Each structure stands twice: as structure tokens, then as C-alpha cells.
Amino acid sequence: MKLQQRRLWDYREFTLSEKEVNIRMESPMEDIELKLKYEDLGFETAYVRKKSLGVVLAVVIFIGLVIGALTWKSLTFTTPSSWIVAASSFIIFIIFLLIVYVDRKPQIVIKGGKESFSVLADSPDKQEVDKFIQTLHERIIQRIIDIEIRPDDPKMELGAQKEALETLLDNEVISREKFEEVIKQLKEKQRSKPAIGF
């Protein structure tokens, strides 16, 4: 599964592979490629909406408006330099508004493990992001099962696998339904093992 997200000045791509999530980010300042193993991620998700810088931002806006008003009042728009100052002020103000707007977009942080990362909460839309996070959690669970239970290892005995699975259930890593599903799969694999003859 792949999730592609765009903001005003950057592009993010998250690809879920068998054992890891591949992250690629491109912005005017840097390009980042990152691989995070599922077993290093956690199941916690935090919804984060950044606030504007509160009092500091209000003071900056107020000072900017006062300086802008004084500048506009003193400009006569008769010389090229006055037009350049006016245009520059307007462009800086628009850029400032865009930065505040983009920075306040909500994000969902995947955390709880050794590694964490965040995705935009509504890009391309909320349903797509929710589906991505659900699939990510399923992949994390499956990877933990593959590592802890080793269902494809013929040397692992069913008793040891069941005990490790119960530990995952007790630690709320897997649900009761997932526990029963994996137990059923393990029993079927045990039955399909060839009998050793002498």
C-alpha cells in the first residue's frame, strides 16, 4: 500500500512493504529517504494540530501591521523604489500567511516504539489516511507474530508458539480474534507436517 501526500512546498510518500515502511520526502530544502522496520514502530497514534505561536505571533503581527501602516502612509508611489518596497511588503505578508496556514495542518503521529513518524491527517483525504494507518497496524502485528511466534519455522513446537502468542495477547499486542486465528493456522500447519518414518 502507498500513501502520497502533498503540502504547499513538500511531497511525502509512504510505502508499506513486507517488513518495513519506506518513507520518501521531497522539499525545496532537502530530500529524505528512510526505512523503518515494523518491529521498531508502536501502535499509538496521536492527533496533533499545531497552534499558531500564540502571544508571540500576535505581537509579531501587530508590529508588522504598525510598520506596514507607517510604510504605506509614507509611500507616495511616485518612485520605483516605493513600488518595490510596497510589492515586497505584500509578498512577505502573503508568504507569512501561507506558512502559518500550512504549518497548522493537523498531523497523525505514529509512536510508542523505538521509532516514530507522522503523516498529514487529511491528505489526500481522511479515509485514505485512516486506511493507511489500519493497514500499517496490521503489518506491524503480523511482523511481530512472524518474529515472536515463527509460524513457518518447522523446529518450533506448538506449545512454545502458543505460549509466546499468549504473551502477545496478555500485552495487548494482538486481539482475542487474532489469537484464535493464529492458533488455528498453527494447528493446521502442525497437521500438514509430514510424519517422520523409520
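Basis for what follows: all heavy atoms, side chains included, without hydrogens, waters or symmetry-related copies. Computed from a predicted model, the values in this text were never measured in an experiment.
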- Side-chain donor or acceptor of E39 paired with backbone N/O of I144 under 3.5 Å: no
- Task: Give a yes or no on whether the backbone of E128 and the side-chain of D125 come within a donor-acceptor separation of less than 3.5 Å.
- Result: yes
- Message: With a 3.5 Å distance limit and no angle check, can you tell me whether R24 reaches the backbone of F14 through a side-chain donor-acceptor pair?
- Response: no
- Query: Yes or no on side-chain hydrogen bond (donor to acceptor under 3.5 Å, both in side chains) for Y11 and Q4, after CA distance, side-chain angles and deciding distance?
  - Reply: CA-CA 8 Å; Y11 169 80; Q4 296 174 321; 3.1 Å; yes
- Task: Would you list the pairs meeting ring pair (Phe, Tyr, Trp, His ring centres under 6.0 Å) in which at least one residue belongs to residues 163-190, sequence neighbours left out?
- Result: none
- Query: Step by step, would you call R176 with E180 a salt bridge (Lys or Arg N to Asp or Glu O under 4.0 Å)?
  - Reply: CA-CA 6 Å; R176 173 60 67 181; E180 298 296 339; 3.6 Å; yes
- Output all residues satisfying side-chain hydrogen bond (donor to acceptor under 3.5 Å, both in side chains) with K126, sequence neighbours left out; order by chain, then residue number. D130
- Parallel, tilted or perpendicular, as decided by the 30° and 60° cut-offs, for the rings of F117 and F132: perpendicular
- Message: Tell me if a side-chain donor or acceptor on Y38 pairs with a main-chain N or O of E20 at a distance below 3.5 Å.
- Response: yes
Going by atom type alone, with no hydrogens or angles, which donor-acceptor pairs under 3.5 Å involve a side-chain atom of residues 167-174 and a protein atom two or more places apart or on another chain?
from	atom 1	to	atom 2	distance (Å)
T167	OG1	E163	O	3.1
N171	ND2	T167	O	3.3

- Is there a donor-acceptor pair closer than 3.5 Å between any side-chain N or O of Q5 and the backbone N or O of E13? no
- Query: Under 3.5 Å, is there a donor-acceptor pair between the side chain of R12 and the main chain of V119?
  - Reply: no
- Query: Does the side chain of K187 come within less than 4.5 Å of L158's, by heavy atoms?
  - Reply: yes
- Message: Salt bridge check, K37 against D40: does any charged N sit closer than 4.0 Å to a carboxylate O?
- Response: no
- Task: Identify whether M1 and I110 are in the same connected component of the hydrophobic contact network (ILVMFWY, side-chain heavy atoms under 4.5 Å).
- Result: yes
